[in-house]
Amino acid sequence: MSRHENSSNAPSLFRNRFLQTILLSSVLLQIGIWVRNFAILLYVADRTNNDPYAISLISVAEFAPIFVFSFIGGTFADRWRPKRTMIWCDLLSAVSVFVVLLTIHYGSWHSVYLVAFISAILSQFSQPSSMRLFKYHVREEQLQQGMALFQSLMAIFMVLGPMLGTFVYSKFGLETSIAVMGVVFLLSALVLIRLPEDNMEPQTAAVKGQFRKDFIEGFRYVWQSQVLRMLGLAFILAGLAVGIAQALNLFIVTERLGKSEEFLQYLLMVNGAAMLIGGGIVAVFAKRVPPQLLLAIGMLAGAVCTVIVGYSTSVPVTLTVQFLNGLVFPCIHIGISTMILKWSHASIVGRVNGVLNPMFVGMMVVSMSFAGVLKDAFSLGTIYSGAGLLFLLGALVMLPIMNQKAPDHAHTAQET
């Protein structure tokens with residue numbers, strides 16, 4: 001079945017076999033990830049009596065693999081069959097989970113870090129493979145709408161995930177929570193079998209020996225494209241701003257609003273619910289708005305909302321602004337994902353994703369690391385104003401490329 005036959009008009013996006021399959025797989029993976037995240041967080045907090053160092057190691061285990069394996073995973077994703085890669089990644093994740101579960105059962109509780117670490121490594125191979133298939137099986141004019149559906153799915157789990165993860169851990173304990181993750185990864189692998197077959201020729205031995213060349217080509221491709229260069233800069237600025245805001249949200253609750261730490265969950269739930277609504281709105285209007293404009297709108301709204309949150313001492317005002325920010329935030333994710341797909345040749349999507357993704361995550365981790373130092377030196381209003389300025393600069397970065405059109409070869413290569 002060709003892509004034109006598969007999605008000849010807009011409504012057919014929901015009948016697209018690839019999209020149906022990948023969304024179901026994503027639901028299963030999100031269940032496993034949220035149960036895992038909260039099980040590990042709550043278990044380590046209980047085990048170490050809320051030791052900040054032990055808890056911070058969880059983030060290290062989740063984010064460190066991105067720096068090392070994102071480039072490598074993106075390169076291999078462009079060389080391997082994406083369907084097979086995704087299935088094997090889910091299977092290996094499940095196997096690793098059950099192996100770690102055995103070590104936990106027999107007394108090595110520190111192995112909980114390995115659950116997040118191994119899963120994060122394998123996701124660096126699976127995620128760019130998913131992007132390749134997305135480009136192959138979804139029409140260009142529907143890419144942005146498809147990304148909006150994924151953003152809505154992520155928003156649903158931002159609301160339900162913390163409750164689900166906390167419930168499973170509180171009710172059944174660590175080992176059952178980890179086992180749930182292993183089972184859903186197995187189920188995801190089974191679901192992915194339903195994906196359409198990879199319509200790609202096996203690589204020759206000569207091509208297989210050119211890993212270093214392919215690796216470097218990803219960086220060169222991004223650098224030679226003005227749009228992707230500007231997108232990389234927007235990634236860096238957004239990562240810095242998001243990292244600061246996330247790290248200091250707790251102090252907004254306790255110092256600016258005068259509430260207990262538990263009130264933070266309501267801010268997150270309001271934000272997540274708004275992201276769900278925003279993702280749905282963008283899905284409806286996606287075809288009419290260029291991704292560059294979508295990204296600029298998201299960054300500009302983020303700038304204004306971040307500054308207001310930093311200065312507000314009113315609970316209703318802060319909750320309202322958090323809702324508005326969540327409503328527009330999907331524009332950033334959807335705009336970025338659509339631009340990567342539209343401006344990347346089909347044969348290099350994985351490497352482009354592997355080059356750009358660490359820029360956001362890396363800068364987010366850097367700014368989170370320095371958030372404590374900034375908090376000691378400046379007021380929350382000043383810090384959040386700085387984060388707002390970073391968002392504003394990210395929006396301005398889009399101006400030089402606002403009217404550029406995606407090259408034809410970036411998508412038509414998949415139609416042959």
Side-chain angles (χ1 to χ4, degrees), residues 30 33-56 58-59 62 154-171 177 241-279 301-330 332 364 367-376 378-388 391:
Q30 284 295 307
I33 289 169
W34 280 100
V35 170
R36 174 202 73 190
N37 286 351
F38 272 79
I40 294 176
L41 175 63
L42 297 174
Y43 178 78
V44 171
D46 290 342
R47 187 85 185 196
T48 64
N49 195 27
N50 294 317
D51 178 29
Y53 176 73
I55 294 174
S56 67
I58 300 173
S59 296
E62 291 176 358
M154 298 302 106
I156 290 172
F157 278 94
M158 284 190 67
V159 178
L160 300 180
M163 293 185 289
L164 176 64
T166 302
F167 171 78
V168 173
Y169 176 76
S170 301
K171 187 76 174 179
S177 300
V242 169
I244 292 172
Q246 284 191 358
L248 299 179
N249 263 339
L250 187 62
F251 296 102
I252 291 294
V253 170
T254 57
E255 295 185 13
R256 301 300 298 174
L257 302 181
K259 297 290 184 178
S260 64
E261 296 176 354
E262 287 74 19
F263 190 78
L264 178 61
Q265 65 180 315
Y266 298 108
L267 258 66
L268 298 178
M269 290 176 65
V270 166
N271 191 260
M275 286 177 63
L276 174 59
I277 299 171
V304 175
C305 292
T306 300
V307 173
I308 295 175
V309 167
Y311 283 98
S312 171
T313 57
S314 167
V315 172
V317 170
T318 299
L319 288 176
T320 301
V321 173
Q322 283 287 86
F323 182 84
L324 293 175
N325 193 30
L327 203 63
V328 183
F329 190 80
I332 296 178
M364 186 176 72
S367 61
M368 289 175 72
S369 302
F370 283 100
V373 177
L374 293 174
K375 175 68 173 58
D376 290 336
F378 303 100
S379 68
L380 284 173
T382 301
I383 296 172
Y384 272 69
S385 295
F391 273 126

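This is a predicted model, so every value here is computed, not measured.
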Original post:
What's the verdict on side-chain contact (heavy atoms from CB on, under 4.5 Å) for F263 and V315, showing C-alpha distance, side-chain angles and the deciding distance?
Top reply: CA-CA 10 Å; F263 190 78; V315 172; 3.7 Å; yes
**OP:** Identify the heavy atoms of A241 and A387 that sit nearest to each other, and give their distance.
**Re:** CB-O, 3.5 Å
**OP:** Evaluate the side-chain contact (heavy atoms from CB on, under 4.5 Å) criterion for residues V307 and F391: first the C-alpha distance (whole Å), next the side-chain angles of each, then the deciding distance (0.1 Å), finally the verdict.
**Re:** CA-CA 10 Å; V307 173; F391 273 126; over 6 Å; no
**OP:** Evaluate the side-chain contact (heavy atoms from CB on, under 4.5 Å) criterion for residues Y169 and D46: first the C-alpha distance (whole Å), next the side-chain angles of each, then the deciding distance (0.1 Å), finally the verdict.
**Re:** CA-CA 12 Å; Y169 176 76; D46 290 342; 3.4 Å; yes
Using residues 158-166 as the side-chain source, report each donor-acceptor pair under 3.5 Å to any protein atom, sequence neighbours left out, with the distance given to one decimal.
unit_1 : atom_1 : unit_2 : atom_2 : d
T166   : OG1    : P162   : O      : 2.7

Subject >> Pairwise side-chain hydrogen bond (donor to acceptor under 3.5 Å, both in side chains) hits with a residue in residues 34-43, at least two apart >> reply: Q30-W34, R36-S119, Y43-R47
**OP:** Mind checking side chain to side chain contact (heavy atoms under 4.5 Å, CB included) for T320 and listing every partner two or more places apart, or none if nothing turns up?
**Re:** L324
Subject >> Set of side-chain hydrogen bond (donor to acceptor under 3.5 Å, both in side chains) partners for T306, sequence neighbours left out >> reply: none
Original post:
Is the backbone N or O of Y311 less than 3.5 Å from a side-chain atom of R256, with the two atoms forming a donor-acceptor pair by type?
Top reply: yes
Original post:
Only one of N325, V321, L257, L380 forms a side chain to side chain contact (heavy atoms under 4.5 Å, CB included) with V309, so which one is it?
Top reply: V321
Subject >> Sequence-distant partners of T382, side-chain hydrogen bond (donor to acceptor under 3.5 Å, both in side chains), two or more places apart >> reply: S379
**OP:** Look at the side chain of Y384 and the backbone N and O of A245, then say whether any donor-acceptor pair between them is shorter than 3.5 Å.
**Re:** yes
**OP:** List for me each residue that meets side-chain hydrogen bond (donor to acceptor under 3.5 Å, both in side chains) alongside T313, sequence neighbours excluded, and say none if there are none.
**Re:** none
**OP:** Return yes if some donor-acceptor pair links the side-chain N/O of S367 with the main-chain N/O of M364 below 3.5 Å, else return no.
**Re:** yes
Original post:
T48 side chain to V44 main-chain N or O, any donor-acceptor pair under 3.5 Å?
Top reply: yes
